[in-house]
Amino acid sequence: MKLIKAGHMRPELALLVLLALMLAACGDRTADQPGSETTPAVAITPADVDASRIINANSEPGSWLSHGRTYDEQRFSPLDTIKDSNVGRLGLSWFFDFPTNRGMEATPLMIDGVIYVSGSWSMVYAFDAVTGKLLWTHNPEVPGAKAIHACCDVVNRGVAAWQGKIFVGTIDGRLMALDAADGHVLWQVQTTPEEAAYTITGAPRVVKGKVLIGNGGGEYDVRGYVSAYDADTGKLAWRFYTVPGDPSQPFENPILEQAAETWTGEWWKIGGGGTVWDSMAYDPELDLLYIGVGNGAPWNRQIRSPGGGDNLFLSSIVALRPDTGEYVWHYQTTPGETWDFTATQHLILADLEIGGRIRQVVMQAPKNGFFYVLDRASGEFLSAEKYTKVSWASHVDPETGRPVEEPGVRYDEGVPVVVYPGNQGGHNWHPMSYSPVTGLVYIPAQQNLGVYADDPGFEHRPGFINTGLDWTKATLPDDPEQRAGLFSQFTGFITAWDPVAQKEVWRFAHSNLWNGGILSTAGNLIFQGNADGQFASYRADNGERLWTFDAQSGIVAAPISYMAGDRQFVAIVAGWGGTVITFGELSGRSSGTVNRSRLLVFELNAKGALPQPVPFNRGTPEPPALTADADQIQRGDDLYHTNCFACHGEGAISAASFMPDLRYMTAEKHELFKPIVIGGLYHERGMASFSSLLNFEEAEDIHAYLISEAHKLLAAARESLDAE
Ligand code: CA
């Protein structure tokens, strides 16, 4: 907050203003929203968030000041105006259609009457939280071709606020400080080597005046780290690498020397992975920052670290000092990770009564399917149980805290191995929520499997996806019945998890995987959007579904709740996308209507309505005549599954309306196939040139495969017409 000069004011008036400011600081912020007439002598800095405000977030429950609302990231709202007995009267207050239609994963902030939210391509928007009026937007103008480094869509999971600035990380690796008043850039810094396959999709956090930001790229060939920048200047304060670099060079910090003993071979040449792409939490009392660390690069440990080893700090929760980045403790969820089992999933801090004493814990449901409870002061393992179907390990040994692996799960025998969960995880980044009222953690969980197959002919492809898996084998079968059988194993559900007893209390089954993050509230409610495009509320104590709203697009983001005056609102960003685009026909909901990315805001008794959805129709495939022989088509199939499917879908099927399904290419696109794939004709739209990976002949092979798939589609359509 900026006071006007006291000299311009009578002393008693200055005292009144000061009192008003103090009241505003500890109570209802809505009285001094921008534009308010109540305190004309005071200019309020928008987004004036500082340490004491976030630490005391519960004294202003109507705000949402930081990514998980509080530093413990519980995502619990103490608001109870909207509750189980009246949530049936919840209606649409206002909505805003974003100008993009790719995946939307952000949690909004709501500070002093203004919503700040990020969207795809790292764009940022500010709205009046009551009227929905757009106050400003910021487009960082990320080059389209950078999308090739975004394994999992050009998403962004949120912004951070601190002393009048809004911070966002961009897909091309920048950290930007925007003026919260109008969105103009105050400073920006490149946090990653520009040519490398790093991206930023995670939300920054601000602790003690430092902006913390990680990055992604573990599917490519990068080395993970988290950085801290001075919030005022953008100057780098410290950087913590999560995996050791080349041991012939000096280690950046002493703990990496120890970590290097858990690696073998020449891992640093392909980066090692361990990206810190999403979760963080902070305990101001212990002064510990917690980060979640991602999978290995390449995924396949036999290639990454051929002599074995735990490969620290992959798949770990690490505690650091926020002032210096100094290592304090770690716990590794999956030693010797080889299945893309990240531990970047949401971290929640809580105080739980365990065995007759209050324990300060950190909780996580990482991809590997176990729910972990650790002592957050020491890192001591307290308990872990399976929250979804898990086949790679039987249990976690309570003495050592290490998982007990099942035999044959490491795909080193030369045959493909089916493992539960697969690389989508039993739970992905979608935020969970802990309610101190029910004592339950609500996990947006899923069941799925992965097929893993070693690639004995692996060659490092700089700047491209390097999993070390043979994707011509590590894929779902072509046979429709077998496919359907395996696909039936891909499901999603909410599990209400008792973290003390380590067991499920209730479950709500969804029809698909990849459902949205969760908010719990003091009104005995939880809120979640889902893959089917519904935004819904459930009783927190027993899971009864009380209210649904048709959002018209799949929802993956997490909701928030806030107050303006005596009105409680619930806000959610809708918009289908993320890693699920890989999953062919499972990429779902948007097949019926055009994906619409929206901010939706609800309150009691509101009667707003959305416009009619636009039906989605891909038209008719226009493939040229099929002239290729079976060998060429097979070569193209293999090349497609090595190079293209991560964006265009497994089996050349893309059900998401915003990604081209290449079987439906028009005659014109077929003409332009090589200029697009090799020449980079559509690089601004996100389709980079593959000239460094594919020659003309190989592009022709892929084209032949796609033409063949398009003819299959036409034949199937003719068959169903004949049958009618
Ligand atoms: Ca990964």
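Read the numbers this way: they start at 1 and go in the same order the structure lists the ligands and their atoms.
- Residue Glu219 approaches the Ca ion (ligand 1) most closely through its N/O/S atom OE2.
- Within Asp340, the N, O or S atom lying nearest to the Ca ion (ligand 1) carries the name OD1.
- Taking both residues in full, the closest heavy atoms of Gly516 and Pro444 are given as O-CB, 3.2 Å, listed atom of the first, atom of the second, then distance.
- Between Tyr420 and Trp392, the distance separating the two ring centers is not shorter than 6.0 angstrom.
- Between Phe464 and Tyr220, the gap from one ring centroid to the other reaches at least 6.0 Å.
- When distances to the Ca ion (ligand 1) are checked against a cut-off of 3.0 Å, Thr275 contributes no N, O or S atom below that limit.
- Two rings, from Phe370 and Tyr387, have their centers 6.0 Å or more apart.
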